[in-house]
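Notes follow the structure.
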Amino acid sequence: MANDTRIDFIYLSEQDMIRAGVTDMAACVDTMEEMFGLLYHGDYRMAGPNNDSHGAMIMFPEDSPFPNMPKPTADRRMMAMPAYLGGSFCTSGVKWYGSNIANKEKGLPRSILMFTLSDADTAAPLAYMSANLLSAYRTGAVPGVGARHLARKDSKVVGIFGPGVMARTSLAAFIAACPQIDTVKVKGRGKKSLEAFIEWVHDNYPQLTVQVVDDIEAVVRDSDIVTYCASGEVGNPDDYPLVKREWVSPGTFLAMPAPCNFDAGMEAPDVRKVLDNTGLYEAWYEEVPKPAHHCIPLVGMKFMDMIEEGRFSADGLEDLGAIVAGDAPGRQNDDEIIMMSVGGMPVEDVAWATVVYRRAIEQGIGVKLNLWDTPELR
């Protein structure tokens with residue numbers, strides 16, 4: 001019997017993705033939690049020698065003899081992020097991450113992302129989809145998984161520095177994990193972004209009180225959950241937004257997916273230090289010059305630098321996957337301070353893309369496209 005060689009796939013625009021539920025944050029947090037369990041048990045693969053690489057990025061020179069070659073300006077990124085995820089997913093995929101801060105001058109988002117979801121056996125495409133919302137929601141959902149296991153259950157006040165897209169999705173995830181949240185404190189750099197964030201909160205969570213604060217100290221003080229979501233220049237950790245121990249109340253959970261530094265008080269061993277995936281930071285640490293925090297501004301890279309410099313023991317680092325799987329403790333009392341680094345991984349994209357794709361198929365959403373009926377080359 002002849003094999004059926006026809007390959008069809010679907011294209012999902014941003015509006016198709018919305019119709020298929022990409023903004024369903026409660027489901028996204030559940031999906032990310034399932035993904036972390038698979039990550040911990042090893043039923044996944046990413047790029048690199050240890051299968052934990054963030055991806056492969058094109059590096060542009062400061063000076064090029066070719067006038068049309070892009071410059072390495074702020075937030076300039078062209079990157080492929082591949083992964084495979086097992087369990088109930090059993091799919092693979094790759095996100096193409098394009099980013100340029102100058103896009104905003106053209107009325108475009110800083111990042112323009114696309115995702116290809118593939119059959120893990122044949123590698124045939126299943127879907128080609130708009131990925132800005134996909135990426136934003138899976139990024140925000142990870143702090144939500146952290147909050148589910150590491151924040152106090154009665155958390156009410158969230159402090160946010162940087163009222164952009166990441167702030168919105170992180171807040172949505174925190175609310176999904178801690179439904180008693182009733183107040184959000186926010187610090188922004190510009191009036192326009194603050195007003196847009198406040199309008200979004202009022203439209204989506206009218207039960208919340210929004211307090212605009214003047215500095216990041218006010219963001220942190222008296223907050224139960226803290227997150228820094230502001231982008232910025234990378235290179236000098238002294239210029240990264242700071243967390244001081246004296247600002248942090250007992251019982252605070254800090255989830256940091258953006259540039260951040262912290263003082264000596266936060267280095268103390270009684271502050272629990274959690275990574276979303278230990279292998280990711282080990283891979284990064286091998287890939288960049290040292291100190292690594294100068295190159296990758298996440299607190300997890302400062303943890304790695306502290307270990308290298310003998311200021312912290314690797315045994316003190318905790319892995320979110322182990323916590324989700326029940327092999328390590330979540331929050332143990334109402335007073336412990338916990339700081340979690342959020343790096344972002346392509347397995348997260350694969351997980352959420354698979355869920356959204358299956359919803360789209362069930363609901364008949366998307367444009368069906370044909371790759372071929374019979375391939376010319378076999």
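Quantities reported herein were computed from a predicted structural model and do not represent experimental measurements.
The two atoms that bring Pro82 and Ala80 nearest to each other are CD-O, 3.5 Å, heavy atoms only. Counting all heavy atoms, side chain and backbone alike, Met32 lies closest to Ala351 at CE-CB, 4.0 Å. Closest heavy-atom contact between Met25 and Gly140: CE-C, 4.2 Å. Looking at every heavy atom in both residues, Ala177 comes nearest to Gly144 through CB-O, 3.4 Å. Shortest non-hydrogen contact noted between Ala151 and Cys178 is CB-SG, 4.1 Å. Across all non-hydrogen atoms, the minimal contact from Arg358 to Ser88 is NH1-O, 2.9 Å.
When atom types are taken as modelled, the side chain of Asn132 and the backbone of Leu113 share a donor-acceptor pair closer than 3.5 angstrom. A donor-acceptor contact shorter than 3.5 Å is absent between the side chain of Arg77 and the backbone of Tyr97. Side-chain atoms of Asp224 do not come within 3.5 Å of backbone N or O of Val158 as any donor-acceptor pair. Formation of a donor-acceptor pair under 3.5 Å by the Asp334 side chain with backbone atoms of Gly251 is not found in this model. Put simply, the side chain of His54 never gets that close to the backbone of Leu280: no donor and acceptor are under 3.5 Å apart. A donor-acceptor contact shorter than 3.5 Å links the side chain of Trp372 to the backbone of Thr5. The closest donor-acceptor contact from the side chain of His294 to the backbone of Gly235 lies under 3.5 Å. In this structure, the side chain of Thr169 engages the main chain of Ala136 through a donor-acceptor pair within 3.5 Å. For the pair Ser341 (side chain) and Gly300 (backbone), a donor-acceptor distance under 3.5 Å is present. No donor-acceptor distance shorter than 3.5 angstrom exists from the side chain of Ser118 to the backbone of Ala120, with no hydrogens or angles considered.
Put simply, the side chain of Thr73 does not reach to within 4.5 Å of the side chain of Ile101, judged on heavy atoms. Taking 4.5 Å as the limit, some side-chain heavy atom of Met78 sits within range of a side-chain heavy atom of Phe60. The side-chain heavy atoms of Thr227 and Pro257, taken from C-beta on, include a pair separated by under 4.5 Å. Residues Ile18 and Gln15 form a side-chain contact, since some pair of their non-hydrogen atoms from C-beta on lies under 4.5 Å apart. Inter-residue side-chain proximity for Met301 and Tyr281 is flagged as met; some heavy-atom pair is nearer than 4.5 Å. Within the 4.5 Å cutoff, side-chain heavy atoms of Leu171 are placed close to those of Trp200. Considering only heavy atoms from C-beta on, Leu298 stays 4.5 Å or farther from Met256 through its side chain. Side-chain contact check for Met304 versus Trp284: every heavy-atom pair is 4.5 Å or farther apart.
With values rounded to the nearest 0.5 angstrom, Leu38 atom CG is found 11.5 Å from Glu33 atom CD. The structure places CH2 of Trp96 at 11.5 Å from CE of Met81, a figure rounded to the nearest 0.5 Å. How far CE of Met129 is from CH2 of Trp352: 11.0 Å, rounded to the nearest 0.5 Å. Taking CZ of Arg245 as the reference point, atom OG1 of Thr252 lies at 10.0 Å (rounded to 0.5 Å). The distance from atom OG of Ser231 to atom CE of Met166, rounded to the nearest 0.5 Å, is 8.0 Å. Distance check, rounded to the nearest 0.5 Å: NZ of Lys185 to OG1 of Thr209 gives 13.0 Å.
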Would Tyr228 and Asn261 count as a side chain to side chain donor-acceptor pair (under 3.5 Å) here? Give the steps. CA-CA 10 Å; Tyr228 287 4; Asn261 200 355; over 6 Å; no

Walk me through it: do Met266 and Ile337 pass the test side-chain contact (heavy atoms from CB on, under 4.5 Å)? CA-CA 9 Å; Met266 292 297 290; Ile337 296 168; 4.2 Å; yes

Quick one: do Leu39 and Met345 satisfy side-chain contact (heavy atoms from CB on, under 4.5 Å)? Show the steps, please.
CA-CA 11 Å; Leu39 196 73; Met345 296 171 285; 3.8 Å; yes

* Asked: Checking salt bridge (Lys or Arg N to Asp or Glu O under 4.0 Å) for the pair Glu267/Arg311: CA distance, chi angles, key distance, verdict?
  -> CA-CA 8 Å; Glu267 292 185 17; Arg311 292 156 47 206; 2.6 Å; yes

- Message: Checking Val226 against Val248 for the side-chain contact (heavy atoms from CB on, under 4.5 Å) test, could you report, in this order, the C-alpha distance in whole Å, the side-chain angles of both residues, the deciding distance, and whether it holds?
- Response: CA-CA 9 Å; Val226 172; Val248 181; over 6 Å; no

side-chain contact (heavy atoms from CB on, under 4.5 Å) for Tyr84 and Val350? Distances and angles first, verdict last.
CA-CA 7 Å; Tyr84 159 80; Val350 172; over 6 Å; no

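By the salt bridge (charged side-chain N to carboxylate O under 4.0 Å, His left out) test, Asp349 is found to be paired with Lys95, Arg138, residues two or more places apart in sequence or in another chain being considered. Judged as a side chain to side chain contact (heavy atoms under 4.5 Å, CB included), and not counting sequence neighbours, the contacts of Pro297 are Val234, Tyr240, Pro259. By the side chain to side chain contact (heavy atoms under 4.5 Å, CB included) test, Arg272 pairs with Leu150, Glu318, Ile323, Pro329, Gln332, Glu336, Ile338, sequence neighbours left out.
Hydrophobic clustering (side-chain heavy atoms under 4.5 Å, transitive across Ile, Leu, Val, Met, Phe, Trp, Tyr) groups Ile181 together with Ile198. One hydrophobic cluster, built from ILVMFWY side chains closer than 4.5 Å, cannot hold both Val157 and Met339; they sit in different ones. Under a hydrophobic-cluster definition in which Ile, Leu, Val, Met, Phe, Trp and Tyr are linked whenever side-chain heavy atoms come within less than 4.5 Å, directly or via other members, Ile365 and Phe115 are assigned to the same cluster. Residues Leu126 and Ile361 share a hydrophobic cluster, clusters being chains of Ile/Leu/Val/Met/Phe/Trp/Tyr side chains in contact below 4.5 Å. Transitive grouping of hydrophobic side chains (ILVMFWY, heavy atoms separated by less than 4.5 Å) keeps Leu12 and Val94 in distinct clusters.
Below 30°, between 30° and 60°, or above 60°: for Phe303 and Phe262 the angle between ring planes is between 30° and 60°, a tilted geometry.
With respect to the salt-bridge test (charged N to carboxylate O, under 4.0 angstrom), the residues Glu246 and Lys244 do not qualify. The pair Lys302-Asp305 does not meet the salt-bridge criterion, since no charged nitrogen lies less than 4.0 angstrom from a carboxylate oxygen. Ion pairing between a basic and an acidic side chain is recognised when a charged N comes within 4.0 Å of a carboxylate O; Asp222 and Lys156 show no such pairing. The pair Arg6-Asp4 fails the salt-bridge criterion, with no side-chain N (NZ, NE, NH1 or NH2) lying under 4.0 Å from an Asp/Glu carboxylate O.
Within a 6.0 Å radius of CD in Gln363, other residues, nucleotides and ligands contribute more than 12 heavy atoms. More than 12 heavy atoms of other residues, nucleotides or ligands lie within 6.0 Å of CG in Asn333, so this atom counts as buried by the packing criterion. Counted within 6.0 Å of OH on Tyr205, heavy atoms from surrounding residues, nucleotides or ligands total more than 12; the atom is thus considered enclosed.
A distance of 6.0 Å or more separates the ring centres of Phe89 and Tyr357.
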